[in-house]
Amino acid sequence: MNRQFYLPRPENVFRPLFGLVLLFMISCQIALAQSSVHGKVADGKGESLLGVSVKVKGSVQGTVTDGSGNYELSNLDPSATLVFSFIGFLPKEVVIGSQAVINVQLMESPANLEEVIVTGVFDKRSRMESSVAISVLPAKLIQLQVPLSAADLLKNVPGVYVNSSLGEIRNTVSSRGVNVGGNDVSNGYYYVSMQEDGLPVTNATYGNYGPDFFLRPDLTLGKLEAVRGGTASILGNNAPGGIFNYVSKTGGQTFEAQARVKFGLEGNGRNPYYRADANIGGPLTSDKTLTFNMGGFWRQNNGARYPGYPMNNGGQIKANVAKHFKKGSMKLYAKYLNDHNSWFEQLPTVDFKNPHLAPGVKQTSSVLIPPVSAQYTINDSGEQGTFDSRDKIHSKDLAIGLNFDHSFGKGWTLENKVRYAYKTSYWNTTSIPYPFAIDNVTFYGVNSLAGKLGTYSFRDLATGTELANVTQGINFVNGAPAGLKFTVNRSNLPGAEVQKNSLLFNPLIVFDNRVKETIDQVTLTKRLSHMSFTGGLYYAHAGVKRLNPNGVGSMFGLMGSARPQPTAIVYTDLQGKVYQVTNPEGTTGGSGRSVATNIFDLTQNQLAGFFGHTWEISGKLNFDWGIRFERIRVRGSNQIASATTSTDGGTDKNPLTLYDNMGGAVTSTLDYNKTVKTISYSTGLNYKFNDQLAVYARYSQGRKAPDLGIYLNVQSSVNASYLNPIAQSTQQYEVGFKAKQDRFSLFVTPFYSLLGKVPQQALGQESAELTSTYTTAVLYNKFKTVGVEVEGTYNLTKQLSVRAVATFQKSTAVDFNTWVLNGNGKADDQIQSYSGNETDYSPRQILRISPTYTSDKVYGSIDWSYTGRRAGNVANVFYLPGFDQTNLNLGYNVSRRLQIQANVNNVFNQNGIMGWSAPGGFPASLNTQGFTKAQMEGNPNAVFFTLSLPPRAYFLTATYTF
């Protein structure tokens, strides 16, 4: 067999070799093209920026900078473009090319500074990228206005209803119809969290104790971030309605200092206002990694309605020291507040169809108690207490805190915020100042005089002139006794236009609140190129002690003047013995007498765990969701005291001085131990069409455990049987439309809110005795609100811009039952249903428009606001009319350092009504929900009380920058 050998053709040999060479060359080219890049990102001052997004344009590939501002990316095409973006800074694009190291400096963007948000989000995002309804008020906007209070600033936020007509404290804040309802300003922050630097101002809230006692805006305030609904269910402490975070300034890289003095005339130009603010900050070391900031304020003012002593006097000082490390930072801060505050009480009003002040009453009139002091003994303990109306509500806050964050690399970041505070709030004030008729049994029952037959003489304490004389006797019907009869022998009491034969009832109210609390929140975040995970724990412990004396005394003032004057009351019995009902200061108490004092001692422990996940599905679509588990345990003991009648003549051993012939002792102790557990969750989607247009949608299910007020109301075995703390529920659907260009921005948010398990109680009286009050059983109700929020700005020119916020909503009581109290005692109490009616205190329109002009020398704005009409109660008996208010702000830059600013609040002196109380005196006045159409129609000319806007005020401010 012959074998033949063939040589391969050349093309058959070189073809595979050529393929291998070509494959090798392509592989080399690919290897050369896929390079790695690293670098550092800093701001205009050279400071490292943590969390900067570094992305490959047109792809999902990317990363974020660590605590030192460093980043690294691999497998990159040299022709690709890196996009560096960070909230509050202008984005920057860099073509990779042959560069292996790319260091970038980002410049701040004034147009975006107001969008730097850290509240209510799982990671730092701009408003265009987040699915949360949030507004940011920068320091410049805050400083242009003269707010009455911290809550007053929230009028610049859509969807938020603010009643700040009481003054600096005891305000009411609600969002999207999620409110406490009625005139119960004692619980004005029930569904929202007022925060300072990321932690609640206080975690213990209850009637007549809340966050605004300890929160004051001044020059140390850097900005305010306001979240409505949404993630507040997850990142807020038991506050599904919203989070309002007041963020303090920290020291910068250069030394800066400001001093501000303000003089004003409130009460339509009558009553002086004095204030001084200061703030100073800057680096403490040459490398500028250690900085400080310190400042505060002091002010004194007589108020819009002068009671005879300053309405507010005191101030605060705040300081912080911050250390910046390569991979994190640490800030130590402290605050000391020592302030005295009172509030504007309601004024006599007539005409339910067109409510206006009663004849003889002016917008500047005061019904607060004049300067009065009283010493008393707490029960039979021998411990002394003091009431002094000039001390008002005396609040102190000593707080120290530490914020710490650290980046461990590879996207891991730990943050911890902890604060300890000791807060006290001592009340020396009055409340429910309603007219009491001296020819009615209620007056005598309140003062333990019912059945003491004889003649009563009412005299002007200052002059001794007798103003009225009344005889208390037995009323006979068909020869049989039928109660008491009061005969007015003569009367020349002022204020007959308000209510005939009447004095103004001013009880001496004392609440001694002492709260020690620790709050700690720790979060751990893992960031990936297009995803982040956040887990956290929140712990708060509050030790609460409260003393509440009942019966320190009362003063009965003369009506018909700018402020009430005390009355002396003398009683002569049928045997001719003369008794002094009031003491030398005109009060039915004081003078060292023993007072029945309830003592409350409780602790609240709150533990919550939360988790959030953010996923950047694409360069345009973001998805996030979160869940929160919360456990609140309250244990306490309420020592309830009862009044006793002295048999030895009281403190002075004189039985003819009735004002000190009383005593008090603890007669029962009520213990409780309750735990409420809740689960809340929220999820949202945000789609960003481009840098100018985005939309989002969110659903949230929140829970709200009752505040401590439900436990403090346990003052009898009957109340204890009602104690069943149930978490309230909130559901919110919202859709957001966001548009932004160089000259304008617009945010429109339609929403649907459902609030359930809302408790409703009423306070009644068993008899004419003031101490015979009782609380009804709890009824639970449900409300829904549908509306739309609008926030927009438009720059007409470089100097002229317009900012507007608006809320259009309708709130309905889906299920609502309330107590109608008839005569004294529980027997005739009834439950009335008003389901389907409009919710009270929920205006259909809330508008605020602020055109602003700014030039090198002159700046100013006009703030015009409108609040639509509101139902007075869920029974819809009558409506509080809508009103508008105009504030004027003008400023002049005298030099680069000196500014002069003038403000006029309520330019046209509008008397807009914000709240009301029912006619009939105490306690009927407090049950506005139980006031019916039959009662109004039966007495259409009845005098009721309303709370209105403060009258016109003028302010002049000088600011010097060092």
Side-chain angles (χ1 to χ4, degrees), residues 35-44 46-76 80-94 96 99-109 112 115-132 235 324-329 404-415 523-536 611-626 686 688 691 694:
S35 58
S36 297
V37 172
H38 67 277
K40 183 175 182 178
V41 183
D43 62 13
E47 289 189 22
S48 302
L49 293 175
L50 166 68
V52 177
S53 171
V54 185
K55 294 183 180 179
V56 178
K57 190 173 183 179
S59 75
V60 296
Q61 187 179 5
T63 186
V64 293
T65 59
D66 62 18
S68 301
N70 296 319
Y71 73 94
E72 184 174 358
L73 288 169
S74 58
N75 299 323
L76 301 175
T81 300
L82 295 183
V83 180
F84 299 83
S85 61
F86 191 55
I87 48 178
F89 292 81
L90 293 171
K92 192 168 187 177
E93 297 185 1
V94 179
I96 297 173
Q99 302 177 86
V101 178
I102 300 178
N103 295 322
V104 172
Q105 210 170 33
L106 298 182
M107 305 307 295
E108 291 185 353
S109 170
N112 288 330
E115 297 186 1
V116 181
I117 55 176
V118 297
T119 304
V121 291
F122 299 117
D123 56 3
K124 295 181 180 181
R125 288 183 174 271
S126 71
R127 293 177 71 180
M128 298 299 288
E129 295 175 330
S130 66
S131 57
V132 181
L235 300 173
H324 301 273
F325 304 100
K326 288 185 177 180
K327 294 188 176 182
S329 66
F404 171 81
D405 66 85
H406 181 75
S407 175
F408 296 96
K410 297 185 178 180
W412 288 98
T413 303
L414 176 70
E415 183 178 29
T523 57
L524 181 64
T525 300
K526 168 63 176 177
R527 293 187 179 93
L528 303 175
S529 60
H530 55 278
M531 194 176 292
S532 69
F533 302 89
T534 299
F611 176 81
H613 173 216
T614 301
W615 179 19
E616 186 177 320
I617 300 174
S618 69
K620 295 183 176 182
L621 182 63
N622 292 325
F623 167 73
D624 71 85
W625 67 276
N686 187 85
K688 185 177 177 181
D691 290 338

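Being a predicted model, the structure only gives us computed values, none of them experimental.
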Parallel, tilted or perpendicular, as decided by the 30° and 60° cut-offs, for the rings of H406 and F408: perpendicular
Validation row: L106, V41 side chains within 4.5 angstrom (heavy atoms): yes
Stepwise side-chain contact (heavy atoms from CB on, under 4.5 Å) test for T81 and I96: CA-CA 6 Å; T81 300; I96 297 173; over 6 Å; no
Separation between OG1 of T65 and CG of L49, rounded to the nearest 0.5 Å: 6.5 Å
Pair K55 + E616, salt bridge at N-O below 4.0 Å: yes
Positive for side-chain hydrogen bond (donor to acceptor under 3.5 Å, both in side chains) with S131, one of N622, N686, D624: D624
Residue pair D405 / S329: nearest heavy atoms and the distance that separates them: OD2-OG, 2.5 Å
Distance-minimising heavy-atom pair for S53 and V64: CA-CG1, 4.3 Å
Test log, rule side-chain hydrogen bond (donor to acceptor under 3.5 Å, both in side chains), inputs T534 and T523: CA-CA 7 Å; T534 299; T523 57; over 6 Å; no
Over all atoms of both residues, closest heavy-atom pair of A80 and V56: CB-CG1, 4.0 Å
Under 3.5 Å donor-acceptor, Q61 side chain and L76 backbone: no
Side-chain heavy atoms of W412 within contact of T525, under 4.5 Å: no
Under 3.5 Å: donor-acceptor pair, side chain of K526, backbone of K410: yes
Criterion side-chain contact (heavy atoms from CB on, under 4.5 Å) against N70, the qualifying member of K327, H38, K40: K40
Residues that K92 engages under salt bridge (Lys or Arg N to Asp or Glu O under 4.0 Å), provided they are two or more places apart: none
Whether H613 and F533 hold their rings parallel, tilted or perpendicular, with breakpoints at 30° and 60°: parallel
Straight-line distance of S130 OG to K688 NZ, nearest 0.5 Å: 10.5 Å
L82 and L73, any side-chain heavy atoms less than 4.5 Å apart: yes
Exam field: side chain T63 to backbone S529, donor-acceptor pair closer than 3.5 Å: no
side-chain contact (heavy atoms from CB on, under 4.5 Å) between Y71 and V37, worked out: CA-CA 8 Å; Y71 73 94; V37 172; 3.8 Å; yes
Minimum-distance pair of heavy atoms, taken over all atoms of H530 and W615: O-CD1, 3.6 Å
